[in-house]
Amino acid sequence: MALRDIVFLPEPVLRRKAKPVTKFDKDLQTLIDDMIETMREAPGVGLAAPQVNISQQLAVVEYAEDEDEEENEDAPPKPKKLYVLINPEIVKASDEKVMGVEGCLSIPGLLGEVERHEAIQVKALNRHGNPVKLKVDGWMARIFQHEIDHLNGVLFTDHATRVWKPSEEENDEVDLD
Ligand code: ZN
């Protein structure tokens with residue numbers, strides 16, 4: 001496994017619609033493992049292939065599901081869930097939308113307030129090329145939408161109602177993807 005270089009705006013690959021993955025060969029497996037390693041190293045909660053200069057419909061996500069409403073300080077932290085999304089497509093989206101603060105590994109030093117569907121259903125392929133259907137909500141749904149946007153050349157700043165340069169402390173509080 002190896003770390004890949006993350007590319008930044010205005011790298012054109014970030015604005016291109018990525019091509020569907022058609023070959024589930026050894027090179028793809030290596031790319032997926034490299035992307036997982038690169039995401040963890042960044043650190044980030046998601047990473048899309050265009051962010052490592054590869055215009056393919058592939059993204060990885062790793063995040064611990066949202067905490068329960070009732071805060072229980074003694075509860076152990078929830079385990080992180082890892083997803084590999086290939087050729088993902090949103091097939092259902094909740095009418096309910098929620099605001100949240102997002103940043104992006106490819107747009108350092110900028111945060112934005114973005115409205116997203118609270119819950120979505122996604123059809124995708126896993127790393128072996130088998131179809132999967134995923135239902136996610138809360139922050140996980142936000143990360144999925146951010147990553148799927150990347151595969152279409154869309155960045156969070158395109159949707160943001162407000163964008164600002166955060167202080168270092170504020171920047172540290174936001175998960176990037
Ligand atoms: Zn991003």
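Atoms within a ligand are numbered from 1 in the order they appear, just like the ligands themselves.
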So the salt bridge (Lys or Arg N to Asp or Glu O under 4.0 Å) pairs with at least one residue in residues 164-174 (sequence neighbours excluded) are none

Would you say Arg116's side chain and Ile143's backbone share a donor-acceptor pair under 3.5 angstrom?
no

- Query: Hey, does Ile90 have a side-chain heavy atom less than 4.5 Å from the side chain of Gln121?
  - Reply: no

Residues pairing under ring-ring contact (aromatic ring centres under 6.0 Å, His included) where one sits in residues 77-101, two or more places apart or in two chains, turn out to be Tyr83-Phe144

Taking side chain as C-beta onward, heavy atoms only, is Glu115 less than 4.5 Å from Val98?
no

The expected count of protein N/O/S atoms at less than 2.8 Å from the Zn ion (ligand 1) is 4

Using a 4.5 Å side-chain heavy-atom cut-off and chaining through intermediate ILVMFWY residues, the residues clustered with Val154 come out as none

